[in-house]
Amino acid sequence: MNSATESHSTTQSTAESQGESRRLYVADAPDAPRSGSPGPDGTDIRAPGEAQPLPKDHTQAILETTKRVAVLLKASGYPFALAGSVAAHAHGVPAVLQHDTDFCIRRQDVDGVVQSLREGGVEIVPSPEDWLVKARAGGEEIDLIFELSHRPVTDDMLQKAHVLAVDSVRMPVLAPHDMLSSRLAALSEQYCDFGRLLTIARALRERIDWDALRAEYQHEPLPDAFLYLLERLGVIEPRDAQKEGP
């Protein structure tokens with residue numbers, strides 16, 4: 001085979017390979033990969049204009065954004081508490097942060113908090129939800145939550161927050177009990193992932209009032225099922241053993 005023929009063959013092979021990697025799929029067809037899933041060439045399939053996938057570990061970037069927002073919130077004078085996965089991380093729960101950083105604020109403080117963050121260079125972005133305000137800084141997403149798992153953020157909740165160092169900046173962090181309680185309240189038939197909850201329960205079991213959680217969720221099947229799972233796994237003491245006593 002001469003060099004021209006070989007070059008043409010190589011070019012055709014490359015084009016076919018690229019064509020396979022750029023294959024068009026009919027929406028909802030059985031073989032159509034979901035947005036964000038790897039395509040034939042190993043890259044993510046994404047809709048036009050859709051955000052690029054997050055790196056596997058956003059931990060340090062999210063911590064930097066958390067510190068920046070916390071400093072602004074402390075300067076504003078409005079009460080707040082760190083929540084979500086970053087709060088769990090602050091309490092010592094093993095975590096790889098990937099998505100965003102969450103803060104609890106009171107509903108009546110929303111306008112003041114938004115103004116303070118805007119003045120500090122934080123971008124406020126539109127959100128369809130009516131229980132939080134979304135923001136962005138340093139390329140990371142921020143959720144300012146005033147209704148946690150369908151329950152309003154209260155003065156009592158914020159006053160019980162623990163002041164902890166989060167990667168060198170001290171800030172109020174949602175108490176372990178309130179953090180786990182809000183996650184139990186969020187369980188539903190559409191979202192019932194016990195894996196992350198189990199990690200938090202194991203790490204914080206000495207700092208949570210399990211009797212109070214049982215009383216709070218005894219009539220809620222999914223949270224009660226999770227608490228029963230903890231008993232079966234030996235993470236917490238079975239409730240029957242508590243009744244029997246020594």
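Just the heavy atoms: all of them, side chains too, but no hydrogens, waters or symmetry mates, feed the values below.
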K.L.:
Locate the shortest heavy-atom distance separating M179 from S182; write the atom from each residue and the value.
P.N.:
O-OG, 2.8 Å
K.L.:
Return the CG to CG distance between L229 and D224, rounded to the nearest 0.5 Å.
P.N.:
11.5 Å
K.L.:
CG of L227 to CH2 of W210: how many Å apart, nearest 0.5 Å?
P.N.:
6.5 Å
K.L.:
Run the ring-ring contact (aromatic ring centres under 6.0 Å, His included) test against H89 and tell me which residues pass, sequence neighbours left out.
P.N.:
none
K.L.:
With sequence neighbours left out, write down each residue that passes salt bridge (Lys or Arg N to Asp or Glu O under 4.0 Å) with E220, or none if nothing qualifies.
P.N.:
none
K.L.:
Is there a path of hydrophobic side-chain contacts, each under 4.5 Å between heavy atoms of I, L, V, M, F, W or Y residues, that connects F146 with V125?
P.N.:
no
K.L.:
Quick test of your reading: applying salt bridge (Lys or Arg N to Asp or Glu O under 4.0 Å), list the pairs with at least one residue in residues 66-94, sequence neighbours left out, ordered by first then second residue.
P.N.:
E64-K67, K67-D167
K.L.:
Checking Y228 now: which residues fulfil ring-ring contact (aromatic ring centres under 6.0 Å, His included) with it, not counting sequence neighbours?
P.N.:
none
K.L.:
Looking at every non-hydrogen atom in both residues, tell me the closest pair between A137 and T65 and how far apart they are.
P.N.:
O-OG1, 3.2 Å
K.L.:
Side-chain donor-acceptor contacts of residues 107-119 below 3.5 Å, not counting sequence neighbours, with atom names and distances?
P.N.:
residue: R107; atom: NH2; partner: E147; partner atom: OE1; Å: 3.0
residue: D109; atom: OD1; partner: R106; partner atom: NH2; Å: 3.2
residue: D109; atom: OD2; partner: R106; partner atom: NE; Å: 2.7
residue: D109; atom: OD2; partner: R106; partner atom: NH2; Å: 3.0
residue: Q115; atom: NE2; partner: E119; partner atom: OE2; Å: 3.1
residue: S116; atom: OG; partner: G112; partner atom: O; Å: 3.0

K.L.:
If every non-hydrogen atom of T59 is compared with every non-hydrogen atom of A95, which pair is closest and at what distance?
P.N.:
OG1-O, 4.4 Å
K.L.:
Evaluate the criterion side-chain contact (heavy atoms from CB on, under 4.5 Å) for residue pair L63 and V166; output intermediate values, then yes/no.
P.N.:
CA-CA 8 Å; L63 290 177; V166 179; 4.0 Å; yes
K.L.:
Apply salt bridge (charged side-chain N to carboxylate O under 4.0 Å, His left out) to residues E141 and K134 and explain how you reach the verdict.
P.N.:
CA-CA 7 Å; E141 303 296 322; K134 283 190 172 290; 5.7 Å; no
K.L.:
State which residues pass side chain to side chain contact (heavy atoms under 4.5 Å, CB included) with K160; sequence neighbours excluded, sorted by chain then number.
P.N.:
D156, D178
K.L.:
Please table the atom pairs, donor to acceptor, closer than 3.5 Å between any side-chain atom in residues 183-190 and protein atoms at least two apart or in another chain.
P.N.:
residue: S188; atom: OG; partner: Q190; partner atom: N; Å: 3.3
residue: S188; atom: OG; partner: Y191; partner atom: N; Å: 3.1

K.L.:
Quick one: list whatever passes ring-ring contact (aromatic ring centres under 6.0 Å, His included) with Y217, sequence neighbours left out.
P.N.:
none
K.L.:
Nearest 0.5 angstrom please: C104 SG to I145 CD1, how far?
P.N.:
5.5 Å
K.L.:
Could you note down all residue pairs passing salt bridge (Lys or Arg N to Asp or Glu O under 4.0 Å) where residues 190-203 supplies at least one of them, sequence neighbours left out?
P.N.:
none
K.L.:
Under the salt bridge (Lys or Arg N to Asp or Glu O under 4.0 Å) definition, can you give me all pairs with a residue in residues 87-102, not counting sequence neighbours?
P.N.:
none
K.L.:
If you look at every heavy atom in E231 and E237, which pair is closest and at what distance?
P.N.:
CG-O, 4.0 Å
K.L.:
Partners of E216 by side chain to side chain contact (heavy atoms under 4.5 Å, CB included), sequence neighbours excluded?
P.N.:
R151, H177, S181, L213
K.L.:
Which side chain to side chain donor-acceptor pair (under 3.5 Å) pairs, counting each pair once, include a residue from residues 120-129, with sequence neighbours left out?
P.N.:
E123-R136, S127-E129
